[in-house]
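Here's the structure we're looking at; comments come further down.
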Amino acid sequence: MFLYIMNLKKNTDASLSEVHGSVDTTIKKTGWKRIFSFLGPAYLVSVGYMDPGNWATDLAGGSKFGYTLIWVLLMSNLMALLLQGLSARLGIVRGRDLAQVNRETYPRVVNFFLYILAEIAIAACDLAEVLGMAIGIQLLTGLPLVWGVSITVLDTFLLLYLQRLGIRKMEAFIITLVGVIGLSFLIEIFLAKPAVSELITGFIPGKLSDEALYIAIGIIGATVMPHNLYLHSALVQTRKIDRTDAGIRQAIKFNRIDTTIALNLAFFVNAAILIVAASVFFKTGNSDVAEIKEAHRLLPQFLGNVAPVLFAVALIASGQSSTVTGTLAGQIIMEGYLSLRINPMLRRLITRLVAIIPALIVIIIYGEDNVDALLILSQVILSLQLGFAIIPLIHFVSDKKTMGNFAIRPITKIAAWVIASVLVFLNLKMLVNEMGTVYSDGAWWQKILLTIGGLICLGLLIYIIISPLIARNKKANPVKIHPEGNTFRELEIPVFNKIAIALDFSVNDDKLLAYAIGQGKENTHYLLVHIVESPSAKLFGQDSDDYESRKDKERLESYVMELQARGFTAEGFLGYKERVKEIVRITKGVHADMLVMGAHGHSGLKDFIYGETVNAVRHELKIPVLIVNL
């Protein structure tokens, strides 16, 4: 009967509960139809591997170093294939996403820092998407970058629409955008005509200079993204599978196929961007082309007028697809670590504003020329977060106690730890190089902040490495969105002595009064409340004596007399000026035990126009609020 007015939590602790198990793979299917029922999650993950941040690092790598960093892309893709496979395995076997398992395993303080780092990674990723989309809009329309960045907030509504359509429709939308990106660069490679013999040499690893290392780490950070590990472990749970050993093994197998196809497509896109940059700019002596806009400006000179249009369209598709998956990852991280679910639009707006504000500050203060440097920095930040997601993941999927027969094999474990070691080593090397610059040229407060932050991150890294090794026998604390259910003991049935009823003097009043009387007993006192909202009432309050004020007073008195004639105890109260404040003031003033209100079903724009009286009132009262749908 009562409206569930707290919308922060759902009735389940499942990851992405709105779409959890919404695709049923247990239905009898054969051949490709069975495989197709599993395909999809990895494509949502793969867009993070071809977002605008990748463009900046790939362009910089191709234009400055030619084909020599292709091996870094290939290595990153192989790392991603293994790590995303581990993430999918964790979600399929344990039915938990990475954030939830972290919360079960580590102490609260450690989880708090892991959560902050994960949110920083989301913000860095979203920053790249904001800038990429804004640049793409500018390249197509000529709109100033500041306005393009501001416009990107509107994709919040697109995400909400896609979520309502369901996970399969969302996957189809993302796959379509991925197809646009892939086709655009396939055409551009055809136009660029790279030298195949020279291109092949790029797959041979070589020594990296400090500048090349910075770009290489940016490429790794843009390819193996920490938030994708959280995302994949949740998305695989959108499939309802047979929970037998055979069913779980089949789900792992088909998700491996899904991951291989999707991430190889992402590798093709990244390699295509780097190859185009190397063929068009590095080979012609334009090695300083590290900016997306500069690349777009120069493309017509080498590839004709079609290339820049394809370039801009693919960039917008990349940013838009990445922003959808980035928001889902943010939802997973917040729900998993904090057991907190908030409105998807609010979550999206928070994430987007965290990205938009730094972008606007850089553009306004330093100008548009520094945007690409900000893009590369965002990818380096992502790379620095990798260890804090990868190391727990390896621990979890190696644990035979929780994974059973599906714990990873020793050879896989060795490969995973080698990848984690390489990533941590490269990040530490780059960090030491950057810290040397700050310590030699930076201000005192920069040195202090860098030292404190470095020590905290190093201590956290050491802890998450050794903690599971020394606490194998410690019982995990399961993630619970809700407290343990108790059997009913003595239920105290409330008696409502005073019921306030907010009336609007319409045909709906009969329904409101009927519901209120239905909650009362023989001796219940009914308190009728109406707010006069005429211009005069808003200005003069209870001193108002306009036509509407007089008529509302007469109407209220007639309601009271009719209820009294029927044997009920009733009293009327008029409020003036602000509807919400007056309803709350009167309800509290008469010490009501319950408030009955009507809801007209407004949503979205209508809520903005007419106001959200119900939500505003209920937040101010501590008594039960019965909402009657009118």
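As the structure is a computational prediction, the values presented were derived from the model and not from experiment. In what follows, residues are counted from 1 in the order of the sequence shown. All values below come from the heavy atoms of this structure, side chains included, with hydrogens, waters and symmetry mates left out.
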Okay, side chain of Thr68, backbone of Phe65: is any donor-acceptor separation there less than 3.5 Å?
yes

Among Arg89, Arg256, His232, which one satisfies side chain to side chain contact (heavy atoms under 4.5 Å, CB included) with Gln84?
His232

Can you measure from CG (Leu83) to CD1 (Ile419) and round to the nearest 0.5 angstrom?
5.0 Å

With rounding to the nearest 0.5 angstrom, report the CD1 to CG distance, Ile92 to Asn255.
4.0 Å

Determine whether more than 12 heavy atoms belonging to other residues, nucleotides or ligands lie under 6.0 Å from atom CZ of Phe112.
no

Atom NE2 in His227, atom CD1 in Ile120: separation rounded to 0.5 Å?
15.0 Å

Ala407 and Ser398 have their tightest heavy-atom pair at CB-O, 4.0 Å

Of the non-hydrogen atoms in Leu86 and Val397, which two are nearest, and what is the gap between them?
O-CG1, 3.5 Å

Check whether any side-chain heavy atom of Tyr115 sits under 4.5 Å from a side-chain heavy atom of Met334, and report yes or no.
yes

Quick check: closest heavy atoms across Gly66 and Leu274, and the distance to 0.1 Å?
O-CD2, 3.5 Å

Ignoring hydrogens and geometry, is there a side-chain-to-backbone donor-acceptor pair from Glu335 to Ile332 under 3.5 Å?
no

Check whether any side-chain heavy atom of Phe113 sits under 4.5 Å from a side-chain heavy atom of Cys457, and report yes or no.
no

With side chains defined as the heavy atoms from C-beta onward, is the minimum distance between His395 and Thr105 less than 4.5 Å?
no

Any side-chain heavy atom of Leu460 within less than 4.5 Å of one from Leu117?
yes

Is any side-chain heavy atom of Ile204 closer than 4.5 Å to one of Trp71?
no

Could you check whether the rings of Tyr106 and Phe396 sit parallel, tilted or perpendicular, using 30° and 60° as the cut-offs?
tilted

Trp147 side chain near Ile137 side chain, heavy-atom distance below 4.5 Å:
no

So CG of Leu74 and CZ of Phe267: to nearest 0.5 Å the spacing works out to 5.0 Å

Considering non-hydrogen atoms only, spot the tightest contact between Val93 and Phe406 and give its length.
CG2-CB, 3.6 Å

Do side-chain atoms of Asn228 reach the backbone of Leu231 as a donor and acceptor pair under 3.5 angstrom?
no

Step by step, would you call Ile200 with Ile70 a side chain to side chain contact (heavy atoms under 4.5 Å, CB included)?
CA-CA 9 Å; Ile200 292 174; Ile70 292 180; over 6 Å; no

From the list Ile333, Leu235, Leu393, side chain to side chain contact (heavy atoms under 4.5 Å, CB included) with Tyr230 holds only for Ile333

Side-chain contact test, heavy atoms from C-beta onward, threshold under 4.5 Å: evaluate it for Leu73 versus Leu69 and give yes or no.
no

Where do Ser87 and Ser233 come nearest, in terms of heavy atoms and distance?
OG-N, 3.1 Å

Least distance between heavy atoms, Gln237 atom then Arg96 atom:
NE2-C, 3.2 Å

For the CD1 atom of Ile394 and the CD1 atom of Ile408, what is their distance to the nearest 0.5 Å?
7.0 Å

Measuring from atom CD1 of Ile391 to atom CD1 of Ile466, what distance do you get when rounded to the nearest 0.5 angstrom?
11.5 Å

